[in-house]
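Just so we're on the same page: letters track the sequence lines, and every chain starts at 1.
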Amino acid sequence: MPPAKQYWLMKTEPSEYSIQDLAKEPHKSTHWDGVRNYQARNFMRDKMKLGDLVLVYHSNAAPPGVAGIAEISQESYPDFTSWDKNNKHFDPKSTQANPRWFMVDIQLKETFKHLIPLEHLRTVPALAKMELLRKGSRLSVQPVRKKEFDTISQIAAKQ
DNA sequence: GCCAACGTTGGC
DNA sequence: GCCAACGTTGGC
């Protein structure tokens, strides 16, 4: 039996890269480069599996919120932008022989008709324990419970 | 291993 | 632009 599908949330600043940018990519997919946090890296490197579903979250936006759903289309491999001196996320301690940072590919499944604002998510009882809503939470790649994912999908379906 | 200093995230 | 809450770095 295949392992149960897992659910995630990944943040992006729409001024840098938005869900609309993802929609314009060939095959609507891209590599999720630039994550430079160990906990977030570990989720991508060790836990994310093909077919897992991802909530795409717009941070540092007006308003911030969940913009749509994507799917893991390629499991982890080294984030090659860490080797590029000219890249914003260059890390001299990451080498090809011993890569420090990893990424996955995601493919867009659905752009919500309307973004679901963070402010609204905070009012939904079923989401009370979401990592995103925890005070001081900054993790840019985080696990989401199935119940939470389904709740957000249903909110999107009704809008 | 402690912890001060510094850098970053991200809501507001 | 502010700033609270974090994460990382590096001296000791």
> Quick one: side-chain hydrogen bond (donor to acceptor under 3.5 Å, both in side chains) pairs with a partner in residues 66-78 of chain A, sequence neighbours left out?
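Counting only pairs at least two positions apart or across chains, the side-chain hydrogen bond (donor to acceptor under 3.5 Å, both in side chains) contacts touching residues 66-78 of chain A are Tyr77(A)-Asp105(A).
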> Looking at five pairs on each end of the helix from dG1(B)-dC12(C) to dC12(B)-dG1(C), what is the angle between the two axes, given to 10 degrees?
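For the helix from dG1(B)-dC12(C) to dC12(B)-dG1(C), the axes at either end differ by 10°.
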> Please collect all side-chain hydrogen bond (donor to acceptor under 3.5 Å, both in side chains) contacts where either partner lies in residues 111-123 of chain A, sequence neighbours excluded, each pair once.
none
> Taking only N/O atoms, report every protein-nucleotides 1-9 of chain C pair under 3.5 Å with atom names and distance.
from   : atom 1 : to        : atom 2 : distance (Å)
dA5(C) : OP1    : Lys135(A) : NZ     : 3.0
dA5(C) : N3     : Arg138(A) : NH1    : 3.2
dC6(C) : OP1    : Lys135(A) : O      : 3.1
dC6(C) : O2     : Arg138(A) : NH1    : 2.5
dC6(C) : O2     : Arg138(A) : NH2    : 3.0
dG7(C) : O4'    : Arg138(A) : NH2    : 3.3

> Does anything in residues 135-159 of chain A form a ring-ring contact (aromatic ring centres under 6.0 Å, His included)? List the pairs, not counting sequence neighbours.
Tyr7(A)-Phe149(A)
> Sequence neighbours excluded, which residues qualify as side chain to side chain contact (heavy atoms under 4.5 Å, CB included) partners of Glu25(A)?
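Tyr17(A), Leu22(A), Thr30(A).
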> Only pairs at least two apart or in different chains count here, so list each side-chain hydrogen bond (donor to acceptor under 3.5 Å, both in side chains) that has a residue in residues 50-62 of chain A.
Gln6(A)-Asp52(A), Trp8(A)-Asp52(A), Glu13(A)-Asn60(A)
> If you measure from CD on Glu131(A) to CD on Gln142(A), what distance do you get to the nearest 0.5 Å?
5.0 Å
> Not counting sequence neighbours, list each pair that qualifies as a ring-ring contact (aromatic ring centres under 6.0 Å, His included) and has a residue in residues 126-148 of chain A.
none
> Over how many whole Å does the gap from Glu13(A) atom CD to dG10(B) atom P extend?
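Those two atoms, CD and P, are 7 Å apart.
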> Roughly, in whole Å, what's the span from CZ in Arg122(A) to C1' in dG11(B)?
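For the pair Arg122(A) CZ and dG11(B) C1', the rounded distance is 8 Å.
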> With sequence neighbours left out, write down each residue that passes side chain to side chain donor-acceptor pair (under 3.5 Å) with Arg138(A), or none if nothing qualifies.
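Side chain to side chain donor-acceptor pair (under 3.5 Å) check on Arg138(A) returns nothing, list empty.
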